[in-house]
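Inspection log for the structure reproduced underneath, given as structure tokens.
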Amino acid sequence: MTGGVLPMPAEPPVAPVMHDVPDDGVLTTQLLAPNWTPSRGWWPLFLISGAFTVLFVVGMTVTFTRGIGSWGNNIPVAWAYGITDFVWWIGIGHAGTFISAFLLLLNQRWRASVNRLAEAMTIFALVNASLFPILHLGRPWFFYWLMPYPATTGVWPNFKSSLPWDVAAISTYFTVSLLFWYLGLVPDLASARDQAPGLLRRRIYGIFALGWRGRAVEWQHYRVAYGLLAGLATPLVISVHSIVSLDFSITQLPGWHSTIFPPYFVVGAIYSGLAMLLMLMLPVRRIFGLEQIITEKHLDNIAKLILVTGTMLAYSYICEMFGAWYSGETVERYSMLINRPFGPYGVLFWAMTLMNVVTPHLFWWKRLRVDTVVLFIAGLLIWVGMWLERFIIIAGSLTRDFLPSSWGVFAPTWVDWSLLLGSIGLFSLLFLTFLRWVPFVPLSEVKRLRYELQRDQIAGPRA
Amino acid sequence: MTPGADNREFPEGAAIRPDGMPRRDFVKLLGASIALAGLDGCIREPDQKILPYIDGNNGVIPGVAQHYATSMTIDGFATGLIVESHEGRPTKIEGNPDHPASLGAAGVFEQAAVLQLYDPHRARRVTAGGRATTSQAALAAFAPAALANRVGATGAGLRLLLEPTSSPLTSAWLDRVRERYPSSRVYFHAPLQSAAQLDASRQTFGAPLLPRYDFTQADVVVALDADLLASGPFHLRYARDFSTRRQRPPRAELYVAECSPSPTGNVADNRLAASPTVIARLLASLLSTVAADPRTAARAIAVDHSASTLALSEAEKAWVSSAAGALLRAGARGVVVAGERLPVECHVAAHALNAMLGAAGQTVVYNASPIVGAGEPSHDIMALQADLASGDVDTLVILQGNPCYAAPGNVPLATQIKAIRNTLYLGMYDNETARASTWHIPAAHFLEAWGDSCACDGTESMVQPLIAPLYDGRTNDEILSVLAGAPDTAHALLRQNWQRRYSHVGDIGAAWTDAIQRGLVMGTQPPVTTNVRADAVVPAHRALIASAQAAPSAGTIDAVFAPSRAVYDGRFADNAWLQELPDPITKLTWDNAALLSPRSAQQLGVTSGDVVEVSVGNQSLRIPALVVPGHADGVTSLAIGYGRTGAEAIARGVGVNVNALRTSVAPHAAIGGRIRGTGDHVELAVTQGHWTLEGREDSVLGITPPPAPSDTTPASSQPRKRRPLTLYEPPAPSSAGFGADQWAMVIDLDQCTGCSACVVACQAENNVPVVGKDGVLASREMHWLRIDRYLSGPPETPSFDTQPMLCQHCEKAPCEYVCPVDATVHSDDGLNEMVYNRCVGTRFCSNNCPYKVRRFNWFDYNDELTPVEQMVKNPQVTVRERGVMEKCTFCVQRVRHAQRDADLAGAPHTGPVQTACQQTCPSQAIVFGSLTAPDSEVAKLSNDPRAFSALAEEGTVPRVRYLSRKRNAGA
Amino acid sequence: MSVRAMLGATQTPRLLAEFGSADALVAAVRLLEREAYQGVDTFTPFDVPEVAGPLGLGRSGLGWVAGLGGVVGLVAAYGIQWWANVHSYPLNAGGRPVHAVPAFVLASFEGTILGAALAAFFGLLIVLRLPRLWSVEDEVEEFRRASVDRFWLAMPSFASDHDRAHAEELLRDAGAVRTIVFGKV
């Protein structure tokens with residue numbers, strides 16, 4: 001917190017959004033090159049991710065064949081790693097939409113060069129997020145019973161439960177994110193089509209480019225459609241994590257039963273997503289030499305966002321505890337003020353507090369905001385810290401509720417671990433695939449931005 | 001890792017085997033069980049005619065359950081039972097309302113016996129020297145023709161060893177055997193049987209008599225180390241009587257001094273933790289206090305007055321004065337009960353006290369023990385040992401029991417029996433004794449057997465089979481008839497004996513039919529009038545004072561040996577239901593432990609799970625410690641019945657065998673043992689880890705701490721509001737399809753002793769699976785009904801509260817609205833319904849259940865059941881699949897059954913329905929019924945001033961309400 | 001017979017002009033507007049909204065399409081919930097009212113968003129007649145840079161070669177680095 005009370009130190013002007021960018025032709029060639037030939041280190045990373053993905057598959061197989069009993073879950077702790085992983089992944093996804101949609105609406109120019117990475121992260125995080133709810137079912141082969149399809153039994157889902165809301169939210173979120181991402185890709189796929197060596201690639205990219213030509217009329221409608229999707233994605237992303245938080249706050253369980261959950265979870269989600277974005281963006285920036293278009297300005301802005309969301313999250317933590325104390329409810333108080341900090345997962349709680357509450361305040365200092373090493377480590381800490389937060393809320397609250405007779409603790413099994421690590425493996429696998437075959441920097445947007453910047457230099461910087 | 005799963009070859013697989021049987025053994029048994037696959041579902045009625053319980057319809061009607069009366073005998077004392085049978089498969093055991101030892105209740109052991117019938121580990125074949133042979137061969141070898149050559153014409157080399165028995169039939173055939181072999185000798189042994197009681201009454205009254213209490217008339221009960229409400233041959237009746245008495249003001253006072261907390265201690269008004277020494281001290285000074293009081297002058301008995309010199313602690317003084325005061329106030333309506341296994345002088349003192357109070361003939365009566373040869377040397381294990389040691393024994397016939405396992409440490413029965421040339425063992429299991437014997441014949445389970453037996457008040461009870469022997473098992477009497485040279489079937493033997501004994505009765509056929517149908521012969525033997533011998537009490541009192549003054553030398557600890565509340569003396573060790581039944585006090589499953597008081601544990605520097613070494617004399621053993629608040633200091637309680645080494649796959653390796661520490665001199669308590677920590681630690685499978693309520697007493701138990709010191713009124717004298725404020729009025733309960741009933745339950749916490757009979761009843765009725773030790777360690781036990789136990793006050797002298805916790809069938813159920821697939825919904829008649837085949841297993845319902853009473857099928861707990869094991873399942877209740885939730889249903893199958901009958905009869909209201917837990921509850925703490933039925937008791941009780949809903953402030957509006965505990969003023 | 005020749009038979013000749021920068025393109029478009037040329041079209045690697053006015057493109061109507069989609073989504077989502085829980089199979093779950101409006105709001109909101117998003121995306125495809133696997137421009141090798149770093153302008157066919165020559169003149173003056181007569185040579 002120390003940084004918080006210090007006055008903002010006077011700092012040199014921040015680097016521009018992009019600098020020393022070669023002309024469009026060279027730029028395009030440079031940014032598309034990784035799609036034609038794998039860059040160094042790609043294969044090793046791909047194989048490692050593959051190995052972890054196999055671990056994921058093994059974990060799933062055991063879960064499906066042996067039953068949920070192969071996890072550490074029990075009564076009272078009926079939800080643990082599975083749901084924690086679910087909330088964690090879906091939270092990570094939010095930063096992508098945040099950057100590409102929010103910032104578009106806010107007309108933040110710097111989003112241009114990073115939104116593709118961010119959105120890809122969203123998609124792949126959602127792939128994992130949508131797996132876990134199915135995995136954690138006692139009878140996963142009946143997962144479709146949560147959807148309102150006309151069944152011969154005549155029975156429907158119960159829409160008073162938050163789980164069908166989840167189904168609606170996640171499927172909507174996934175669809176919209178995918179459309180938004182793909183729509184943004186179309187012009188770049190057209191570039192790829194026109195630049196691709198060899199007829200086969202031309203055809204493949206040609207198919208995905210949908211015959212995009214960059215006609216005036218195409219751009220005319222495209223602009224509106226893209227804006228619309230951004231406008232829709234923004235309230236959507238807020239609603240999604242609000243609904244996820246309702247999985248907990250509609251219950252009566254002390255530690256879950258709290259009205260601040262929706263904003264609390266949304267902020268946490270974006271926070272964790274930004275952290276992971278850093279962990280993805282920094283290596284990409286380094287490996288592909290993107291320093292001119294992902295400049296210190298970007299790092300600086302993301303660091304500031306982390307500082308803001310991190311502080312809001314800390315505020316939520318305090319609110320949560322205060323609310324419990326203020327309620328005067330014996331059980332609430334015990335759960336939040338005794339069990340959480342000093343209960344079976346007390347150590348994790350303090351670790352989490354350190355990682356999530358203290359880390360962001362490094363970013364009161366400009367030097368640290370643009371120091372890639374610091375940023376990466378901070379990202380890692382927050383990334384882990386946010387997983388811990390979800391675990392403490394979900395499993396921690398369940399360990400000790402109303403009747404002391406039913407108290408119990410949860411201990412993870414190797415299957416729990418393999419599912420967690422495996423899902424990270426699957427994510428990396430998908431992300432590497434994306435880097436290899438998809439233009440991961442939005443060419444047309446970067447070019448447009450460059451054009452605008454040049455024009456501004458002529459017309460003088462705009463207000 | 002799942003606790004305990006690391007050291008296994010198949011972590012998950014092994015963990016889920018309900019009986020913890022390794023797969024290899026399972027495959028071995030599979031072969032055997034395939035032979036029995038034909039049994040599955042088919043009818044195996046006994047060959048002879050069996051008669052259903054009174055006015056039951058005869059002959060099997062598919063789909064309609066039938067009920068038969070029979071009796072279960074433990075250590076010679078019978079308890080009458082009614083057994084439910086489906087298509088010839090006994091599936092559920094209830095108490096026999098007509099039987100004096102039951103009055104309709106059934107205990108833990110009786111309830112669980114049905115599982116033992118289908119135990120796949122029962123001995124299946126006759127063996128000679130370990131090799132399979134035929135029963136013909138075995139029986140031929142013991143028929144006089146063959147045996148006489150071995151043991152001599154007079155049977156000089158023949159010995160018989162039985163468990164204590166009260167069976168007229170067995171006694172008759174023992175006589176026949178003695179006629180055939182005049183110089184043969186018969187011995188009786190049961191590890192928990194104590195001669196003290198009979199010796200004491202012989203000293204006091206001049207005859208081996210058993211005390212029998214009438215608690216319905218008692219105003220004050222003083223129990224010394226006597227768990228009279230939850231163990232002993234008559235405990236079901238005593239619990240029923242005591243609760244009947246307590247429902248009638250003025251409230252009966254219960255004073256308990258005991259070594260280790262017991263269900264009886266749970267309901268005591270004034271409980272004192274007391275080591276054997278302290279017990280002696282209390283009794284001694286109680287005796288002199290009462291004797292010195294003018295109110296007993298009329299019936300004064302000479303006592304030793306030096307008791308006044310005894311140095312009592314403050315707590316002891318307080319207990320004695322209030323107990324003595326209460327007794328003297330109550331006079332003939334007070335009674336002192338000495339625990340069965342206390343030494344002789346304690347029993348004498350109790351007899352003296354009751355005599356002086358005038359209780360004898362009022363609240364306590366005496367009758368001759370029905371046990372054959374009660375109090376005679378034939379019951380002395382030392383006599384048996386000496387006899388065997390003499391070397392002139394050629395043939396030993398052991399009928400049931402397991403002496404090789406259960407003999408005290410100083411009696412090398414196992415080696416002696418091994419040494420004998422020719423031994424025959426009749427037993428249900430290939431256990432320690434079977435392995436030491438040359439011949440082993442499988443014994444019939446009592447549900448397969450004809451026979452008779454007596455309750456401890458002498459009531460003659462019938463043993464009637466419900467199913468033909470699964471493994472060609474034999475009964476004691478059949479073997480005896482072979483020895484006597486007149487072999488016949490148990491049924492024939494019983495019938496002949498009946499002819500002989502009741503030849504004076506006119507129509508024997510009618511009497512027989514009546515007895516078989518009711519399960520007992522009406523009319524018990526009258527009590528004996530007794531007079532205390534003048535010279536009897538003083539020496540006993542002196543002995544008491546002597547042992548009371550025995551100051552414990554530093555660093556020593558006394559060891560008290562008690563029957564396990566799960567496996568008794570080890571005979572039930574292969575019963576998974578019992579192994580997984582949480583101990584009413586410690587909540588320990590699948591294990592025994594050295595119980596220590598918090599102070600003793602602290603002095604030793606050990607905590608629960610730390611392995612300690614207990615040594616008595618030159619014998620010592622290592623056993624995990626378990627800290628039990630309310631346990632006496634300087635004593636450790638050790639449950640016998642564990643550490644079995646027989647072939648029973650479930651029993652083997654569970655717990656530690658403590659018999660080695662026992663001696664024939666002091667089989668029930670060893671004074672001056674030693675104990676030390678070893679530094680090792682093991683995980684104990686305890687189902688409740690936290691004992692205090694963290695300031696939630698009012699919300700959970702309906703009491704504001706400290707307990708309100710008033711006679712009958714609880715903290716709040718107003719009926720508590722059932723329905724808190726709500727935004728939405730709940731939908732009006734429509735009576736569509738279900739008549740006008742609204743089901744509800746009331747549980748009286750003032751009556752509940754925590755004995756846990758209801759837990760087993762529920763398990764049997766609802767096909768509740770067991771999960772094994774690993775499952776319990778992972779806190780995945782499946783019991784639909786659990787007994788919560790809470791402590792308040794200082795850990796040395798805590799006060800106990802027990803609370804049966806089951807699905808509360810909330811009208812605004814938190815579990816229901818969070819289920820995404822409507823798998824748990826509310827019925828129109830107020831049941832919280834669980835729809836197994838709709839459940840997808842999100843477990844959201846469990847998270848939102850404030851009572852955490854929902855249970856989840858983490859694995860498929862039923863997939864590997866052998867055909868025989870499947871036979872125990874109740875066909876009226878779904879066997880749940882992997883991945884679905886389950887929980888208490890208010891025995892919906894019984895409710896709907898009763899409703900069908902009502903509909904057929906066109907009655908507006910369903911007749912009385914009993915849930916399994918309610919039916920078996922010895923103290924009738926559970927009342928179930930419809931709130932809307934005319935003059936419904938449950939409706940009356942749920943508006944009682946003591947009625948409250950657990951966690952009412954959560955707004956769940958439970959249909960289960962509790963009656964808060966009463967506390968006696970000043971007691 | 002070559003593809004170009006085949007086209008020649010079917011298509012009237014058109015004039016394509018390549019510009020090096022967006023500004024040059026915009027200037028040319030403005031010029032052509034002043035000269036009152038009809039049916040001019042532009043191809044740019046990134047969005048150059050400045051050309052829309054001169055080319056006489058109206059505002060996009062996709063907003064209305066999305067709005068309509070949203071309404072449909074909303075009605076469908078709430079309708080399904082009402083039908084399922086209130087009408088088709090009402091059940092007493094937790095003593096809550098069967099028609100629990102607050103509970104139904106959330107999925108309805110998601111439905112709205114989904115409907116609107118799908119409408120916007122597929123509306124776009126329909127308006128632009130995408131996907132289109134081939135268009136004439138693919139046949140011009142130089143035109144491939146239209147998606148990279150060159151800005152192209154296309155004019156419809158001309159009455160006479162003279163008119164076309166005049167137009168070429170204009171475009172060159174406006175800074176076209178290259179003009180291609182496309183269709184018949």
Side-chain angles (χ1 to χ4, degrees), chain A residues 23-25 27-28 148 154-162 164-165 168-169 171-173 175-176 179-180 182-183 187 190-191 193-195 206-207 210-225 228-229 232-233 235-236 239-240 242-243 246 443-445 447-448 451 455, chain C residues 21-23 41-49 51-52 55 57-60 62-63 66 70 77 80-81 83-85 88-89 91 93-94 96 100 103-104 106-107 109-111 113-114 116-118 120-121 123-125 127-128 130-135 137 143-149 152:
Chain A
D23 68 59
D24 291 354
L27 182 70
T28 313
V155 189
W156 300 88
N158 167 23
F159 292 103
K160 290 184 201 77
S161 164
S162 56
W165 309 344
S171 48
T172 305
Y173 187 38
T175 318
V176 174
L179 295 179
F180 191 48
Y182 183 61
L183 195 58
S191 314
R193 171 197 62 200
D194 296 343
Q195 290 281 294
I207 289 165
L210 304 174
W212 180 265
R213 278 281 142 218
R215 272 201 182 71
V217 62
E218 286 176 352
W219 284 117
Q220 185 77 350
H221 290 295
Y222 178 89
R223 205 182 306 128
V224 176
L228 278 170
L229 286 183
L232 292 166
L236 174 62
S239 77
V240 169
S242 303
I243 287 179
L246 290 178
L443 293 162
S444 63
E445 292 186 50
K447 291 175 196 165
R448 169 73 199 180
Y451 167 69
R455 201 180 47 192
Chain C
S21 76
D23 297 332
D41 200 356
T42 64
F43 304 82
T44 53
F46 55 79
D47 186 11
V48 185
V51 300
L55 294 180
L57 299 175
R59 288 185 67 251
S60 165
L62 280 176
I80 289 171
Q81 298 181 75
W83 172 269
N85 284 180
S88 166
Y89 204 144
L91 280 164
R96 270 66 172 173
F104 292 174
L106 293 110
F109 175 82
E110 300 300 324
I113 299 283
L114 187 60
L118 291 173
F121 184 80
L124 178 71
L125 296 190
V127 173
L128 300 179
L130 296 177
R132 202 191 310 105
L133 287 183
W134 179 86
S135 60
E137 292 81 6
F143 195 83
R144 281 172 67 177
R145 293 182 70 179
S147 66
V148 180
D149 58 349
W152 288 79

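In what follows, chains carry the letters A, B, and so on, assigned in the order in which the sequence lines appear, proteins first and then strands, with residues in each chain numbered from 1.
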Checklist outcome for this item: Cut-off 4.5 Å, heavy atoms of chain C, and the answer for S191(A) is both

Next on the checklist: Give me the atom names and distance for the closest heavy-atom approach of Q220(A) to R59(C).
Outcome noted: NE2-CA, 4.4 Å

Checklist entry - Is chain C contacted by the side chain of L246(A), its backbone, both, or neither, given a heavy-atom distance below 4.5 Å? => result side chain

Next on the checklist: Can you tell me which portion of W152(C) sits under 4.5 Å from chain A's heavy atoms? Options are side chain, backbone, both or neither.
Outcome noted: neither

Item to check | Side chain / backbone / both / neither for L133(C) at chain A, heavy atoms under 4.5 Å | outcome: side chain

Item to check | Contacting region of N85(C) [heavy-atom separation from chain A under 4.5 Å] | outcome: side chain

Item to check | Test log, rule side chain to side chain contact (heavy atoms under 4.5 Å, CB included), inputs L128(C) and Y222(A) | outcome: CA-CA 9 Å; L128(C) 300 179; Y222(A) 178 89; 5.5 Å; no

Item to check | Structural part of V148(C) lying under 4.5 Å from a heavy atom of chain A | outcome: both

Next on the checklist: Just verifying a value: how many Å separate S242(A) OG and L106(C) CG, rounded to the nearest 0.5 Å?
Outcome noted: 8.5 Å

Item to check | Validation row: L125(C), L210(A) side chains within 4.5 angstrom (heavy atoms) | outcome: yes

Checklist entry - Can you tell me how far the CG atom of L118(C) sits from the OG1 atom of T172(A), to the nearest 0.5 Å? => result 8.5 Å

Checklist outcome for this item: When the 4.5 angstrom heavy-atom criterion is applied to T44(C) and chain A, the contacting part is both

Checklist entry - Is it the backbone or the side chain of A116(C) that comes under 4.5 Å from a heavy atom of chain A, or both, or neither? => result both

Checklist outcome for this item: Rounded to the nearest 0.5 Å, the CZ atom of F143(C) sits from the CG atom of D194(A) at a distance of 8.5 Å

Checklist entry - side-chain contact (heavy atoms from CB on, under 4.5 Å) with F121(C): which of T175(A), L183(A), L228(A)? => result L183(A)

Item to check | Heavy-atom contact with chain C under 4.5 Å, split by part of F180(A) | outcome: neither

Next on the checklist: With rounding to the nearest 0.5 angstrom, report the OG to OH distance, S21(C) to Y451(A).
Outcome noted: 7.5 Å

Checklist entry - So which part of F109(C) gets closer than 4.5 Å to some heavy atom of chain A, the side chain, the backbone, both or neither? => result side chain

Checklist entry - Side chain, backbone, both or neither: which part of P164(A) has an atom under 4.5 Å from a heavy atom of chain C? => result neither

Checklist entry - From L130(C) CG over to H221(A) NE2, what is the distance, rounded to the nearest 0.5 angstrom? => result 10.5 Å

Item to check | S135(C) side, atom OG; R213(A) side, atom CZ - distance, nearest 0.5 Å | outcome: 4.5 Å

Next on the checklist: Taking side chain as everything from C-beta outward and backbone as N, CA, C, O, which of these in L229(A) sits under 4.5 Å from a heavy atom of chain C? Side chain, backbone, both or neither.
Outcome noted: side chain

Checklist entry - Around atom OH of Y89(C), are there more than 12 heavy atoms of other residues, nucleotides or ligands at under 6.0 Å? => result no

Checklist entry - Where on L57(C) is there a heavy atom nearer than 4.5 Å to chain A: the side chain, the backbone, both, or neither? => result both

